Amino acid sequence: MKTIALALLGAVLATPAAAADISTHVLDLARGVGGTGIPVILFKRDGNGGWQQVGTATTDANGRVRTFGEAKAFGPGNYQLRFDMSRYPDAAASPFFPEITLTFRVTDRDGHYHVPVVVSPYGYSTYRGN
């Protein structure tokens, strides 16, 4: 019985803690394509009210960031995604919004938080995707 209890305890300890998954997508509404090559930084609000960088990525050929690193553990809290739109591959675009910052809350450790941004030359919108 003691052996079974120790085996169960070992299995529980070896299982990684649940962590939320965060992804994003840049959709270029004017051109009808994903925004390729856009640097994105993920921040989490710390206990002092400041923002701590917890991940970085660049959008892929479809404008997606599928993950902010291998096995990242994003627990409950407030997060920000900062998109460097000045790095948009179309140099002639000269974006009106050179940086877009989205702030959102993670509440479910097991949840998937997909936070896309839809951009056009003079505006943007966002929503919680799936």
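Predicted model, so just to flag it, every value in this text is computed and none were measured. Throughout, numbering of the chain's residues begins at 1 and tracks the sequence.
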- Between the side chain of T36 and the main-chain N/O of G63, is any donor-acceptor distance below 3.5 Å? no
- Task: Mark yes or no for whether T59, through its side chain, and I38, through its backbone, hold a donor-acceptor pair below 3.5 Å.
- Result: yes
- Taking only residues two or more places apart in sequence or in another chain, which ones pass side-chain contact (heavy atoms from CB on, under 4.5 Å) with L27? H25, V118, Y127
- Can you list every pair that meets side-chain hydrogen bond (donor to acceptor under 3.5 Å, both in side chains) and has a residue in residues 73-82, with sequence neighbours left out? N78-R105, Q80-R82, Q80-T103
Side-chain donor-acceptor distances from residues 44-54 under 3.5 Å, at least two apart:
from	atom 1	to	atom 2	distance (Å)
K44	NZ	P76	O	3.3
R45	NH1	G49	O	2.7
D46	OD1	N48	N	3.0
D46	OD1	G49	N	3.1
D46	OD1	G50	N	2.9

- Task: List in chain and number order the residues that pass side-chain hydrogen bond (donor to acceptor under 3.5 Å, both in side chains) with S120, two or more places apart in sequence or in another chain; answer none if no residue qualifies.
- Result: none
- Name all residues meeting the salt bridge (charged side-chain N to carboxylate O under 4.0 Å, His left out) criterion together with R128; count only those two or more places apart in sequence or in a different chain, and write none if there are none. none
- Message: Please evaluate residues V40 and L42 with respect to the criterion side chain to side chain contact (heavy atoms under 4.5 Å, CB included), reporting the C-alpha separation (whole Å), side-chain torsions for both, the decisive distance (0.1 Å), and the verdict.
- Response: CA-CA 7 Å; V40 184; L42 178 65; over 6 Å; no
- Message: Testing the 3.5 Å rule here: is there a donor-acceptor pair between the side chains of S23 and H112?
- Response: yes
- Task: Please check if V33 and V65 belong to a single hydrophobic cluster, counting links between Ile, Leu, Val, Met, Phe, Trp and Tyr side chain heavy atoms closer than 4.5 Å.
- Result: no
- Message: Quick check: closest heavy atoms across G129 and P116, and the distance to 0.1 Å?
- Response: N-CD, 3.9 Å
- Query: Are I41 and F83 in one and the same hydrophobic cluster, where Ile, Leu, Val, Met, Phe, Trp and Tyr link if side-chain heavy atoms are under 4.5 Å apart?
  - Reply: no
- Sorted by chain and number, sequence neighbours left out, side-chain hydrogen bond (donor to acceptor under 3.5 Å, both in side chains) with D84 holds for S86
- Test log, rule side chain to side chain contact (heavy atoms under 4.5 Å, CB included), inputs V119 and F97: CA-CA 9 Å; V119 299; F97 296 101; over 6 Å; no
- Task: State, yes or no, whether a side-chain contact exists between V106 and F74 at a heavy-atom distance under 4.5 Å.
- Result: no
- Message: Membership question, hydrophobic clusters at under 4.5 Å side-chain separation (ILVMFWY): are V26 and L29 in the same one?
- Response: no
- Message: With a 4.5 Å cut-off on side-chain heavy atoms, are D60 and R66 touching?
- Response: yes
- Message: Any non-hydrogen side-chain atom of T101 less than 4.5 Å from a side-chain atom of L81?
- Response: no
- Query: Who pairs with Y113 by side-chain hydrogen bond (donor to acceptor under 3.5 Å, both in side chains), at least two apart in sequence or on another chain?
  - Reply: T107
- Message: As an exercise, state the distance from CD1 of I100 to OG1 of T126, rounded to the nearest 0.5 Å.
- Response: 9.0 Å
- Message: If you compare all heavy atoms of T67 against all heavy atoms of A57, which two are closest, and at what distance to 0.1 Å?
- Response: O-CB, 4.2 Å
- Message: Run the side-chain contact (heavy atoms from CB on, under 4.5 Å) test against Y122 and tell me which residues pass, sequence neighbours left out.
- Response: F96
